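Accompanying notes for the structure given below.
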Amino acid sequence: MDKFLININGELFNEEKAKISVFDRGFLYGDSVYEATRTFNRIPFRIQHHLDRLFFSAQKIELELTYSRKEILELILQTIKASPHNDIFLRIILTRGTNIDLGLDPELSSKNNLIIITKAITPNPDWWLTKGLSMIFHNKKSSERGPLPKTGKYLENILAYKDATEKGAFDSIMVNTAGHVTEGTTSNIWMIKDNIIYTPSLQDGVLDGLTRKTLIQMADRNNLMLQEISLTQEDFLGADECFITSTTRNLVPVTIIEGRPVGNGLPGKKTLELLKMYLEFVSLQ
Ligand code: PLP
């Protein structure tokens with residue numbers, strides 16, 4: 001069986017056959033936006049929110065859409081239907097289009113290219129929950145603030161990830177130029193101190209993660225104390241518990257930061273309770 005099923009502008013391919021022009025602006029300039037999501041038993045997770053964020057990202061980079069929201073949704077649903085798997089990972093990439101010549105001018109581009117890459121979801125490794133992750137801090141050079149668009153521009157995150165793996169850690173916790181903690185390279189970051197759940201404010205330059213949004217909603221419904229505020233490296237080093245979130249990984253405990261144990265160095269009890277609660281919460285959606 002093929003590992004991937006890929007939809008390119010409405011046509012389905014396996015990984016061998018899926019090809020896109022070298023003049024595509026996503027390839028040439030990172031001139032694209034994207035979403036990463038999953039299905040739970042063939043139902044796409046919070047798809048309307050993902051489409052909202054895709055449109056927000058496109059608007060932020062002034063990427064003119066030649067696909068309507070309805071067409072994008074139909075192509076997503078067509079791909080899910082054609083997949084042999086019930087639980088799949090989906091990457092939905094929308095590029096400004098294929099250039100008719102080299103050059104930055106967006107007017108050189110044709111219609112958007114919409115690429116949906118899918119594969120079966122691989123379960124999180126057990127050790128993530130029994131041992132937890134180790135992270136380091138990484139200073140960002142860019143001074144972007146506010147909720148970030150999800151674009152093809154991931155170089156800073158790639159370098160932050162590389163920095164972490166070269167130092168033997170799982171990933172980096174990125175810190176903005178004002179010294180405020182922002183997020184992981186492909187996840188949002190959280191800490192718990194004295195029973196209060198904290199996550200960095202979107203204003204510090206953070207992706208408005210859908211797992212983040214869902215957890216905030218869940219906390220609100222269950223009267224859990226949660227704050228979105230600016231947080232420092234010292235706050236994280238003094239936390240009782242820490243964890244990351246993303247759509248494909250849910251909640252994963254972080255037990256070591258900069259080589260030092262978080263709390264007692266074991267996956268946090270409250271984090272694991274929140275994970276259980278989260279999985280129940282999303283299954284009810
Ligand atoms: N932050 C960054 C930079 C990401 O790339 C991602 C996911 O890809 C997230 C946060 C988590 O977002 P979500 O919960 O929507 O998957």
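In each ligand, atom 1 is the first atom listed, and ligand 1 is the first ligand listed. Being a predicted model, the structure only gives us computed values, none of them experimental.
At a 4.0 Å cut-off, at least one heavy atom of T185 sits close enough to ligand 1 to count as contact. The closest approach between a heavy atom of K213 and any atom of ligand 1 is not below 4.0 Å.
The side chain of Y154, and not its backbone, has at least one atom closer than 4.0 Å to an atom of ligand 1 (non-hydrogen atoms only; side chain from C-beta on). Counting heavy atoms closer than 4.0 Å to ligand 1, residue N188 contributes atoms from both its backbone and its side chain. Neither the backbone nor the side chain of V206 comes within 4.0 Å of ligand 1, counting heavy atoms alone.
The shortest contact between atom 8 (O) of ligand 1 and any protein heavy atom is with K150 NZ, 2.7 Å. Of all protein heavy atoms, the one closest to atom 12 (O) of ligand 1 is G209 CA, 3.5 Å. From the protein, the heavy atom lying nearest to atom 15 (O) of ligand 1 is L210 N, 2.8 Å. At the top of the distance list for atom 10 (C) of ligand 1, counting protein heavy atoms only, stands S187 C, 3.3 Å. Atom 1 (N) of ligand 1 has E183 OE1, 2.7 Å as its closest protein atom, hydrogens excluded (heavy atom only).
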Which side-chain N or O atoms in residues 126-134 pair as donor and acceptor under 3.5 Å with protein atoms at least two apart or in another chain?
{"from": "T130", "atom 1": "OG1", "to": "D126", "atom 2": "O", "distance (Å)": "3.4"}

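The cluster map of Ile, Leu, Val, Met, Phe, Trp and Tyr, joined by side-chain heavy atoms under 4.5 Å apart, puts V282 and I88 in different clusters.
Remark: the backbone N or O of F137 is not paired with any side-chain donor or acceptor of Q233 at under 3.5 angstrom.
D208 has no carboxylate O lying under 4.0 Å from a charged side-chain N of R53, or vice versa, which leaves the two without a salt bridge. The existence of a salt bridge linking D171 and K162 is excluded, since no basic side-chain nitrogen approaches an acidic carboxylate oxygen closer than 4.0 Å. Electrostatic pairing of K153 and E144 counts as a salt bridge here, judged by a charged N lying under 4.0 Å from a carboxylate O.
Of the N or O atoms in Y34, none lie within a sub-3.5 Å distance of an N or O in ligand 1.
Considering each of N157, T247, N250, the one bringing a non-hydrogen atom nearest atom 16 (O) of ligand 1 is T247. Within the set T245, T211, L215, T182, the minimum heavy-atom distance to atom 14 (O) of ligand 1 is found for T211.
Exactly one residue among L215, I244, T211 makes a side chain to side chain contact (heavy atoms under 4.5 Å, CB included) with W190. That residue is L215.
N176 pairs by the side chain to side chain contact (heavy atoms under 4.5 Å, CB included) definition with R145, A178, H180, T182, D204, not counting sequence neighbours.
Which parts of ligand 1 touch T186 is read off a 4.0 Å heavy-atom cut-off, strictly below it: atoms 2 (C), 4 (C), 5 (O), 6 (C), 7 (C), 8 (O), 9 (C).
Judged by the 6.0 Å distance and 45° axis criteria, R38 is positioned over the aromatic ring of F40.
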